Amino acid sequence: TPNITPWPTASDITYGQTLSESILSGGSASVPGIFSFDTPGFAPDAGVYSADITFTPDDISNYNLVSGTVDVTVNKADQTIDWEQDLTGLNIGQIITLTASASSGLDVSYISDNTDVALISGDQLEIVGLGTAVITASQEGNENYNPAPNVQISVDILSSVFELENKVGIYPIPATDYIYVESNVGKVISYLIYNNKGQIVIYDNNVHSKDFKIQISKLTVGVYTLRLKSKEGIITKSFMKL
């Protein structure tokens with residue numbers, strides 16, 4: 001029986017790797033031979049794993065095999081979160097299933113930083129109010145995986161089109177020389193007017209006012225569409241020019 005002094009040490013591996021990817025080094029025996037893992041295809045959990053190894057002499061006709069163990073440090077594996085879900089265009093009352101997934105296969109959890117806008121229950125997102133909420137997807141890891149970097153998606157909930165249109169008034173209708181705009185959704189940033197052929201006939205990109213008037217005296221008789229832009233969204237109104 002060969003004398004083994006010392007037994008080899010094993011290099012670190014990462015969870016998911018097999019023992020064959022750990023390198024045995026530093027062992028010495030009284031006769032030539034090799035050290036090898038008994039189960040090289042085994043992938044141990046993270047931590048310190050006591051692996052069975054065997055010294056096999058080159059001259060197996062005259063020398064016995066010698067069994068031993070070596071500690072293998074198995075490091076936790078990294079993981080990532082994949083989440084490219086489109087959360088635009090949502091309205092109050094909608095419930096959405098969130099679809100983030102972790103490369104580890106572990107469950108992803110979610111949290112909302114503004115529960116006045118968005119509530120989270122498991123993987124269900126419920127829109128409850130106007131404003132902005134940041135939804136964070138996370139995976140804290142376990143005994144084999146490190147925590148994943150968080151992924152965030154911002155949800156901007158504006159008033160519905162119906163609500164916005166009810167908050168903006170234009171008069172008189174029909175109009176001859178001017179139309180007057182009264183806004184209850186904050187300042188209008190810009191507006192444009194287009195005809196029934198979709199051609200823009202009047203526009204102003206620097207309004208920044210809640211109440212203002214638009215001169216339409218040069219327009220021909222017909223039906224036109226006024227498109228207003230505010231911080232809360234886009235409002236569209238139709239009017240007739242006489």
Side-chain angles (χ1 to χ4, degrees), residues 81-100 110-121 123-137 150-242:
I81 293 174
D82 179 28
W83 192 25
E84 298 180 354
Q85 188 172 7
D86 184 5
L87 296 180
T88 60
L90 302 180
N91 292 311
I92 295 173
Q94 281 188 266
I95 298 177
I96 305 297
T97 299
L98 301 175
T99 60
Y110 306 91
I111 189 170
S112 167
D113 74 340
N114 189 348
T115 54
D116 291 332
V117 174
L119 294 177
I120 301 291
S121 177
D123 63 355
Q124 300 296 296
L125 165 67
E126 181 179 2
I127 304 304
V128 295
L130 299 178
T132 299
V134 176
I135 311 302
T136 301
N150 290 342
V151 177
Q152 295 181 325
I153 294 181
S154 180
V155 178
D156 297 314
I157 308 302
L158 305 176
S159 298
S160 67
V161 173
F162 178 78
E163 290 174 323
L164 284 176
E165 290 183 352
N166 283 341
K167 291 181 179 180
V168 175
I170 62 173
Y171 66 91
I173 297 178
T176 303
D177 297 319
Y178 293 92
I179 57 172
Y180 295 84
V181 178
E182 292 183 349
S183 169
N184 290 316
V185 295
K187 292 182 179 180
V188 172
I189 299 171
S190 63
Y191 70 81
L192 59 84
I193 295 175
Y194 54 90
N195 59 24
N196 58 7
K197 295 182 180 179
Q199 299 169 319
I200 297 174
V201 292
I202 298 176
Y203 68 91
D204 188 337
N205 292 326
N206 190 30
V207 181
H208 300 288
S209 177
K210 294 181 65 176
D211 304 319
F212 55 95
K213 67 180 181 178
I214 303 172
Q215 185 174 8
I216 60 169
S217 57
K218 294 183 179 181
L219 297 180
T220 59
V221 174
V223 176
Y224 294 85
T225 300
L226 171 64
R227 185 176 184 270
L228 304 163
K229 180 180 179 181
S230 75
K231 289 185 177 180
E232 287 198 41
I234 302 297
I235 306 100
T236 302
K237 291 283 189 177
S238 294
F239 66 92
M240 178 175 287
K241 162 67 167 67
L242 294 180

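Positions are given from 1 along the sequence. None of these values were measured; they are calculated from a predicted model.
The backbone N or O of T99 sits less than 3.5 Å from a side-chain atom of Q85, completing a donor-acceptor pair. Side chain of S112 to backbone of A118: a donor-acceptor contact under 3.5 angstrom is found. Judged by distance alone, the side chain of K237 and the main-chain N or O of I170 form no donor-acceptor pair under 3.5 Å. Judged by distance alone, with hydrogens and angles left aside, the side-chain atoms of K213 form no donor-acceptor pair with the main-chain N or O of Y178 at under 3.5 Å.
Residue I173 comes nearest to S238 through the heavy atom pair CD1-O, 4.0 Å, listed as atom of the first residue, atom of the second, then distance. Heavy atoms only, all atoms of each residue included: M240 and V223 are closest at CE-CG2, 3.9 Å. Closest of all the heavy-atom pairs between I96 and L87 is CG2-CD2, 4.2 Å.
V188 places none of its side-chain heavy atoms less than 4.5 Å from the side chain of K210. Residues T225 and I193 form no side-chain contact, since every pair of their non-hydrogen atoms from C-beta on lies 4.5 Å or further apart. Looking at I153 and L98, their side chains never come closer than 4.5 Å, going by heavy atoms from C-beta outward. Between V117 and T132, every side-chain heavy-atom pair lies at or beyond the 4.5 Å cut-off. T97 places a side-chain heavy atom less than 4.5 Å from the side chain of Q124.
Every residue two or more places apart in sequence or in another chain that forms a ring pair (Phe, Tyr, Trp, His ring centres under 6.0 Å) with Y180 is listed here: Y171. Considering only residues two or more places apart in sequence or on other chains, T220 meets the side chain to side chain contact (heavy atoms under 4.5 Å, CB included) condition with Y224. For E84, there are no side chain to side chain donor-acceptor pair (under 3.5 Å) partners two or more places apart in sequence or in a different chain.
Just one of I235, D211, I214, V207 meets the side chain to side chain contact (heavy atoms under 4.5 Å, CB included) condition when paired with V181; it is I214.
Sparse packing is recorded around CD1 of I111, with 12 or fewer heavy atoms of other residues, nucleotides or ligands lying under 6.0 Å away.
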Start with the C-alpha gap between I135 and V155, add the side-chain angles, then the distance that decides, and say whether side chain to side chain contact (heavy atoms under 4.5 Å, CB included) holds. CA-CA 7 Å; I135 311 302; V155 178; 3.8 Å; yes
Kindly determine whether E182 and V168 satisfy side chain to side chain contact (heavy atoms under 4.5 Å, CB included), including the steps that lead there. CA-CA 6 Å; E182 292 183 349; V168 175; over 6 Å; no
Run the side chain to side chain contact (heavy atoms under 4.5 Å, CB included) test on T136 and D113 for me, step by step, so that the C-alpha distance in whole Å, both residues' side-chain angles and the decisive distance to 0.1 Å come before the verdict. CA-CA 8 Å; T136 301; D113 74 340; over 6 Å; no
